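We count ligands from 1, going down the list as the structure has it; atoms in each ligand are counted the same way. It should be emphasised that the depicted structure is a prediction, and the values quoted were computed from it without experimental measurement.
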Amino acid sequence: MRIFNTLTGQEEEFQPFQNHHVRMYTCGPTVYNFAHIGNFRTFVCQDLLRRWLLYRGYRLTHVMNVTDVDDKTITNAKAAGLSLKDYTTRYADAFFEDCRHLRLQQPEVIPYATDHIEEMVQLVEKLMEKNLAYRQNGSIYYRISAFTNYGRLSRLDPSQLQIGHSIEADEYSKDNPRDFVLWKAPKDGEPYWETRIGPGRPGWHLECSAMSMKYLGETFDLHCGGVDLIFPHHENEIAQSEGATGRTFVKYWFHSEHLLVNGERMAKSKGNFYTLRDLLEKGFDSIAIRYLLLSTHYQKPLNFTLEGVGQATGALQTLKNFLLLARTCRQAPSDNPRVVDIAEHRLRQFESAMDDNLNISAALAAVYDARYDLNAIAESQGLSSADREKVLLLFQKFNSLLDVLDFEADVITDAEVLQLIEERGAARRNHDFMRADEIRAQLLQRGIALEDTRDGVRWKRTR
Ligand code: AMP
Ligand code: ZN
């Protein structure tokens, strides 16, 4: 599988540090308000990446943090008259509810910044020891001039950096205006922690370095975010982590392009945003929104319109109609060899498209071409029971990535389950773990969870 790496500016063969295990970090939401669907485009792109890694048989440890302390959360909590915790819990819950509506798989670990102050303090201590950090008026800053690789990810020359809004999120004084804050001195009426490095609260960049390294190690495979995070956030994460450990922080940097409105980035500050809730209230379907957000390649900007959601709804309906036909069409007396040919050919196309830097447009073309070819057969000749099963299996495979279709009507009998369990056992004995995992995933899709116990395999219905 190939993937674009922002660090090298190139598409590269994906090869995790540990052969079959991928360690991946996502900069998660800042829970100061409802996330907008621009934010969710980024999370949907990451969901595709996640699912593709799983499809390809990798074990995955995916960590996504929740930023529950920063300038915005503090300001908004104060304005709402709530404690920081009460305020951020409300929006973190709302975020995960939206994630469920959009069928985003849960990362394996979801750390909250305020639960990791100790790890952040330790990181600052290391940076102080190495003279990469200094104190000024109770705050602690990172000394950019002492880190030679600064600017490598964003290809910026540190001496030419513009001091923008994001660098100077807080007006603290520093040695050099380009330096960024690691630890902020307490301000009146704002939450702070008493720690070994003094009272205060963490800067946003520090949070991600500390939490990613805690759960994934000092060096890991993949780090994800929207393109706006490349600079300064990810550049600063590299400076902090590599400065402290002296090791490579991350091998592949995965950045997705923005969701636009009339050619401009969708953003809270511009007022040009929709939340998922806004769209659901207007009567749009969350799965159509998922489909819309995933159907453009992650490195291309996507212009959002309500008509676009309408078109996505129509495109999905085509697939749903086809599945209904595949289930209910006339019973053919014998198998049609073309069904297997089409299924194999289109699945290969789908897989090689996704292996090619997650080329979702080509992958979706394979799905719709499969639908077109098989629809013609189902309509004109009907399908045998075995062919019907093959067609449904093919679309379940597509759907393990896309997750926009439902197979509830797909009733599975106990005899079929037992047969698949047997087949999986045989595959495992032959060391064909791909096939074994495929069967497990296939059963899970159909509402059957397998559990390997000392006494053999048990299964239970999940719905
Ligand atoms: P935040 O909660 O502001 O930290 O943002 C969460 C994620 O949304 C980050 O990865 C941002 O890069 C991403 N993001 C923000 N605005 C957009 C947008 N208009 N389109 C796509 N992603 C975005
Ligand atoms: Zn981050």
Side-chain angles (χ1 to χ4, degrees), residues 6 24-49 62-73 76 88 91-92 94-96 98-99 102 104 107 110-113 116 120 123 153-154 165-166 169 180 182 202-216 220 222-241 249-250 253-276 289 292-294 296-304:
T6 310
M24 160 169 162
Y25 185 82
T26 287
C27 291
T30 306
V31 284
Y32 70 104
N33 207 324
F34 295 115
H36 57 67
I37 55 159
N39 301 133
F40 280 117
R41 181 195 182 189
T42 286
F43 296 121
V44 167
C45 290
Q46 292 162 1
D47 187 61
L48 271 195
L49 172 61
H62 178 193
V63 177
M64 179 180 75
N65 76 296
V66 173
T67 297
D68 60 349
V69 54
D70 82 325
D71 296 342
K72 289 181 284 191
T73 43
N76 286 10
T88 55
Y91 287 104
F95 175 79
F96 289 110
D98 288 353
C99 287
L102 290 171
L104 298 175
I110 305 178
Y112 283 58
H116 295 80
M120 297 171 202
L123 188 52
L153 178 73
S154 48
H165 156 82
S166 44
F180 62 90
L182 295 165
W204 172 40
H205 314 304
L206 181 70
E207 298 179 5
C208 279
S209 279
M211 287 185 276
S212 58
M213 291 196 292
K214 164 157 186 176
Y215 293 100
L216 298 172
F220 56 91
L222 265 166
H223 195 125
C224 315
V227 286
D228 56 302
L229 299 192
I230 298 173
F231 181 82
H233 184 53
H234 289 161
E235 199 69 72
N236 291 351
E237 280 190 45
I238 294 174
Q240 294 166 152
S241 301
F249 177 41
V250 170
W253 287 86
F254 177 91
H255 291 106
S256 36
E257 265 296 340
H258 284 147
L259 188 68
L260 310 178
V261 183
N262 297 324
E264 264 199 287
R265 172 182 164 195
M266 182 179 285
K268 278 269 153 57
S269 56
K270 295 189 208 279
N272 62 354
F273 64 91
Y274 285 103
T275 63
L276 182 64
I289 296 164
L292 175 70
L293 295 178
L294 68 73
T296 296
H297 189 258
Y298 74 94
Q299 289 181 287
K300 293 203 180 104
L302 165 59
N303 202 47
F304 179 79

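- Atom NZ of Lys300 is surrounded by 12 or fewer heavy atoms from other residues, nucleotides or ligands within 6.0 Å.
- For Asn65 (side chain) and Gly28 (main-chain N/O), a donor-acceptor pair under 3.5 Å exists by modelled atom type.
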side-chain contact (heavy atoms from CB on, under 4.5 Å) for Tyr91 and Asn33? Distances and angles first, verdict last. CA-CA 6 Å; Tyr91 287 104; Asn33 207 324; 4.1 Å; yes
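- Taking 2.8 Å as the threshold, Cys27 counts as a candidate ligand of the Zn ion (ligand 2), since one of its N, O or S atoms lies below it.
- In this structure, the protein non-hydrogen atom closest to atom 14 (N) of ligand 1 is Asn39 ND2, 3.5 Å.
- Glu237 and His223 share a side-chain donor-acceptor pair at under 3.5 Å.
- Evaluated by nearest non-hydrogen atom to atom 13 (C) of ligand 1, the leading choice among Leu293, Leu302, Asp70, Thr42 is Thr42.
- Heavy-atom contacts of Arg265 reach the following atoms of ligand 1: 15 (C), 16 (N), 19 (N) (cutoff under 4.0 Å).
- Using a 30° and 60° split on the angle between ring planes, His233 and His205 fall in the tilted class, from 30° to 60°.
- Closest heavy-atom approach to atom 9 (C) of ligand 1 among the candidates Val44, Ile37, Leu229, Asn65: Leu229.
- Atoms of ligand 1 found under 4.0 Å from any heavy atom of Pro29, numbered from 1 in the order shown, are 2 (O).
- Looking only at protein heavy atoms, the nearest one to atom 19 (N) of ligand 1 is Met266 O, 2.7 Å.
- Taking only nitrogen or oxygen atoms, main chain and side chain alike, Gly226 reaches within less than 3.5 Å of ligand 1.
- Taking the six-membered ring for Trp, Phe40 and Phe95 have ring centres closer than 6.0 Å.
- Among all non-hydrogen protein atoms, the one lying nearest atom 18 (C) of ligand 1 is His258 CD2, 3.5 Å.
- Considering only non-hydrogen protein atoms, atom 2 (O) of ligand 1 sits nearest to Thr30 N, 3.0 Å.
- No heavy atom of Lys268 sits closer than 4.0 Å to any atom of ligand 1.
- No heavy atom of Ala267 sits closer than 4.0 Å to any atom of ligand 1.
- For His36 and Phe304, the ring centers sit 6.0 Å or farther from each other.
- We find the OG-NE2 distance between Ser154 and His234 to be 11.5 Å, quoted to the nearest 0.5 Å.
- Nearest non-hydrogen protein atom to atom 12 (O) of ligand 1 is Asp228 OD1, 2.5 Å.
- Minimum-distance N/O/S atom of Glu237 relative to the Zn ion (ligand 2): OE2.
- A 4.5 Å side-chain heavy-atom check between Met24 and Cys224 finds at least one atom pair inside the cut-off.
- Taking the ring centroids of Phe220 and Phe249, they lie under the 6.0 Å cut-off.
- When only non-hydrogen protein atoms are considered, atom 20 (N) of ligand 1 lies nearest to Leu259 N, 2.8 Å.
- The atom of His233 nearest to the Zn ion (ligand 2) is NE2, with the search restricted to N, O or S atoms.
- Considering all non-hydrogen atoms of both residues, Ser256 and Thr42 come closest at OG-OG1, 3.6 Å.
- Ranking the protein heavy atoms by distance from atom 23 (C) of ligand 1 puts Gly38 O, 3.5 Å first.
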